Student: 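Take a look at this one; I'll ask things after.
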Amino acid sequence: MLVNIKDDFDLMKIAESGQCFRANREADGSFCFLAMDNKCIIRAVSESEYEVSVSEKQWKEFWEHYFDFGLDYAKVRKLADGHKDDFMIKSCEDGCGIRILNQNPWEMLISFIISQRKSIPAIKTCIEKLCRSFGKVCEGFYAFPEPEALVKADNEVLADCGLGYRLEYIKDAAAKVFYHELDLEQISELPDEELGAVLKSVKGVGDKVANCIMLFAYHRTASVPVDTWVKKIMEEDYGGENPFLKYGDAAGIMQQYAFYHKRQ
């Protein structure tokens with residue numbers, strides 16, 4: 001099926017933006033995105049036309065929301081001009097095409113617990129091992145494992161996935177969700193501060209991981225995950241100040257542009 005996308009949309013930049021770990025470029029130049037038990041292969045046909053491997057119904061009901069097509073990112077980028085923020089203007093130019101994906105809270109909880117002190121390639125490898133070991137077999141891929149699978153998982157098999165010290169954290173998260181101590185859907189109604197506090201009740205979830213989950217699973221776009229790259233931006237480009245606060249509800253989106261730009 002062919003779809004027309006007129007707003008910012010760069011598959012490579014999205015796949016490499018550090019917010020999703022099951023998006024990969026294929027040999028033919030297309031991109032494969034996996035989300036829980038959903039799969040979509042996307043190939044650019046022209047500047048605004050894309051071929052997708054899913055039905056119109058699947059595209060409308062799942063993938064349009066996943067790629068956040070309800071938000072005008074070209075308009076968001078113009079905020080940097082209004083603040084006359086030279087570094088952010090350049091960041092928006094370089095990062096044009098990135099979108100904040102609407103991802104599954106459970107998948108993001110586990111993925112960002114795993115992400116601590118790991119490079120992006122190492123995170124991707126770890127998550128794929130986890131999916132192959134504990135995810136259900138779908139057509140041509142393994143789904144992201146459900147909480148029950150990780151609760152009942154053998155610790156030695158889990159350890160073989162490369163979790164290291166995070167194994168204890170993964171077990172705690174899975175148990176809290178499986179035994180309904182933590183309802184990831186219900187907490188979506190909470191204000192940002194309360195949502196962050198609840199997420200941090202899970203072992204291994206600190207400020208940075210909580211903000212990643214809030215931004216990439218709950219679309220709390222005012223959330224700004226602060227990692228080593230964002231600290232560098234604050235120290236080297238803004239004299240130690242936080243440049244994102246002035247962008248309010250767009251702060252997290254601006255952080256993604258800046259993160260991408262700084263890493264280049």
Side-chain angles (χ1 to χ4, degrees), residues 1-36 38-104 107-108 120-121 124 139-141 212 215-217 219 221 224-225 229 233 244 247-264:
M1 184 182 80
L2 292 177
V3 295
N4 195 272
I5 301 169
K6 294 181 179 178
D7 194 24
D8 299 354
F9 190 61
D10 188 305
L11 290 164
M12 178 66 83
K13 291 178 183 177
I14 293 170
E16 294 184 345
S17 62
Q19 60 176 309
C20 56
F21 304 108
R22 304 197 75 197
N24 295 291
R25 186 174 185 175
E26 304 290 289
D28 64 356
S30 64
F31 283 80
C32 178
F33 284 82
L34 302 178
M36 291 301 291
N38 298 281
K39 176 180 179 179
C40 184
I41 297 174
I42 311 177
R43 183 176 65 88
V45 177
S46 66
E47 189 173 329
S48 61
E49 198 171 41
Y50 296 81
E51 183 179 53
V52 299
S53 65
V54 297
S55 67
E56 182 177 3
K57 184 174 185 289
Q58 290 171 316
W59 181 257
K60 291 285 185 184
E61 292 183 358
F62 183 84
W63 293 102
E64 282 191 352
H65 176 65
Y66 177 86
F67 286 115
D68 199 31
F69 288 128
L71 182 61
D72 184 343
Y73 280 74
K75 184 177 180 180
V76 172
R77 286 187 288 108
K78 291 179 182 177
L79 294 173
D81 295 322
H83 286 286
K84 297 180 180 179
D85 187 337
D86 291 338
F87 179 86
M88 210 64 72
I89 289 170
K90 180 60 178 171
S91 296
C92 289
E93 290 173 356
D94 282 355
C96 176
I98 292 173
R99 308 184 73 82
I100 303 297
L101 304 177
N102 286 296
Q103 300 181 81
N104 180 274
E107 184 171 348
M108 291 298 95
I120 289 177
K124 290 167 73 78
E139 191 175 340
F141 71 102
C212 285
L215 181 59
F216 304 131
H219 210 65
T221 52
V224 177
W229 289 102
I233 291 166
F244 304 105
Y247 291 101
D249 286 343
I253 301 173
M254 290 299 179
Q255 179 267 351
Q256 280 297 103
Y257 291 139
F259 174 80
Y260 181 86
H261 170 62
K262 193 69 172 177
R263 286 178 65 213
Q264 303 309 303

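Note that the structure is a prediction, hence the values are computed from the model and not measured.
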Student: Do Cys212 and Met108 have side chains that approach each other closer than 4.5 Å (heavy atoms only, starting at C-beta)?
Tutor: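 Of all side-chain heavy-atom pairs linking Met108 with Cys212, none is under 4.5 Å.
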
Student: Check whether any side-chain heavy atom of Gln256 lies under 4.5 Å from a side-chain heavy atom of Phe216, and answer yes or no.
Tutor: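 Counting from C-beta outward, Gln256 and Phe216 do come under 4.5 Å.
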
Student: Could you pull out the closest heavy-atom pair between Ala258 and Ser91, with the gap in Å?
Tutor: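 Taking every non-hydrogen atom into account, CA-OG, 3.6 Å.
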
Student: With rounding to the nearest 0.5 Å, note down the distance linking CG in Asn24 to CG in Leu34.
Tutor: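 Going from the CG atom of Asn24 to the CG atom of Leu34 covers 7.5 Å.
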
Student: Minimum heavy-atom separation for Ile41 and Ser30, please, with both atom names.
Tutor: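 So the minimum-distance heavy-atom pair works out to CG2-OG, 3.6 Å.
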
Student: CD of Glu49 to CZ of Arg43: how many Å apart, nearest 0.5 Å?
Tutor: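 If I round to the nearest 0.5 Å, the distance is 10.0 Å.
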
Student: Would you say that Leu101 contacts Phe67 through its side chain, given a criterion of any heavy-atom pair below 4.5 Å between the two side chains?
Tutor: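 Touching, per the 4.5 Å side-chain cut-off.
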
Student: Do the side chains of Glu93 and Ile89 get nearer than 4.5 Å, heavy atoms only?
Tutor: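 Yes, their side chains come closer than 4.5 Å.
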
Student: Could you tell me the separation between the CE atom of Met1 and the NZ atom of Lys57, rounded to the nearest 0.5 Å?
Tutor: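 Met1 atom CE to Lys57 atom NZ measures 12.5 Å (nearest 0.5 Å).
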
Student: List the atom of Pro225, the atom of Gln255, and the distance in Å for their closest heavy-atom pair.
Tutor: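 Minimum heavy-atom separation between Pro225 and Gln255: O-NE2, 3.3 Å.
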
Student: Any Lys/Arg nitrogen of Arg77 or Asp8 sitting under 4.0 Å from an Asp/Glu carboxylate oxygen of the other?
Tutor: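 Judged by the 4.0 Å cut-off on N to carboxylate O distance, Arg77 and Asp8 do form a salt bridge.
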
Student: Is there a side-chain hydrogen bond (donor to acceptor under 3.5 Å, both in side chains) between Asn38 and Tyr66? Walk through the geometry before answering.
Tutor: CA-CA 11 Å; Asn38 298 281; Tyr66 177 86; over 6 Å; no

Student: Hey, what do you get for OG (Ser55) to CZ (Phe62), rounding to the nearest 0.5 Å?
Tutor: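 Here the rounded value is 12.5 Å.
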
Student: Working to the nearest 0.5 Å, report the span between CD of Glu16 and OH of Tyr260.
Tutor: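 Glu16 atom CD to Tyr260 atom OH measures 6.0 Å (nearest 0.5 Å).
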
Student: What's the shortest heavy-atom distance between Cys92 and Met254, and which atoms?
Tutor: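 Distance-wise, the nearest heavy atoms are SG-SD, 3.7 Å.
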
Student: Any donor and acceptor pair, going by atom type alone, linking the side chain of Asn102 with main-chain N or O of His65 inside 3.5 Å?
Tutor: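 Yes; judged by distance alone, with no hydrogens or angles, the pair exists.
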
Student: For Ile14 versus Cys20, what's the shortest heavy-atom pair and its separation?
Tutor: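 Scanning both residues, the minimum pair turns out to be O-SG, 3.7 Å.
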
Student: When you compare the side chain of Ile42 with that of Trp63, does any pair of heavy atoms fall below 4.5 Å?
Tutor: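 When only atoms from C-beta onward are counted, Ile42 and Trp63 do not touch, as no gap falls below 4.5 Å.
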
Student: Rounded to the nearest 0.5 Å, what separates atom CG in Asn4 from atom CD in Glu47?
Tutor: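 Reported value, rounded in 0.5 Å steps: 10.5 Å.
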
Student: Quick check on side chain to side chain contact (heavy atoms under 4.5 Å, CB included): which of Asp68, Asp72, Leu71 does Asp7 satisfy it with?
Tutor: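 It is Asp72; the other options fail the test.
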
Student: May I ask you to decide if the ring planes of His83 and Tyr247 are parallel, tilted or perpendicular, using 30° and 60° as cut-offs?
Tutor: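 His83 and Tyr247: perpendicular rings.
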
Student: Does Ala23 offer a backbone N or O that forms a donor-acceptor pair with the side chain of Lys124 under 3.5 Å?
Tutor: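 Present.
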
Student: Side chains of Lys39 and Ser53, heavy atoms from C-beta outward: is any pair under 4.5 Å?
Tutor: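 No. Closest side-chain heavy atoms not under 4.5 Å.
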
Student: Where do Val76 and Ala250 come nearest, in terms of heavy atoms and distance?
Tutor: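 Val76 and Ala250 have their closest heavy atoms at CG1-CB, 4.2 Å.
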
Student: Any side-chain heavy atom of Ile98 sitting closer than 4.5 Å to one from Gln19?
Tutor: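 When only atoms from C-beta onward are counted, Gln19 and Ile98 do touch, with a gap below 4.5 Å.
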
Student: Tell me if the CD atom of Glu56 is crowded by more than 12 foreign heavy atoms within 6.0 Å.
Tutor: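 No, not enclosed.
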
Student: Measure the shortest side-chain to side-chain distance between Tyr257 and Tyr73 over non-hydrogen atoms and say whether it is less than 4.5 angstrom.
Tutor: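 The answer is yes, as the side chains (C-beta and beyond) meet within the 4.5 Å cut-off.
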
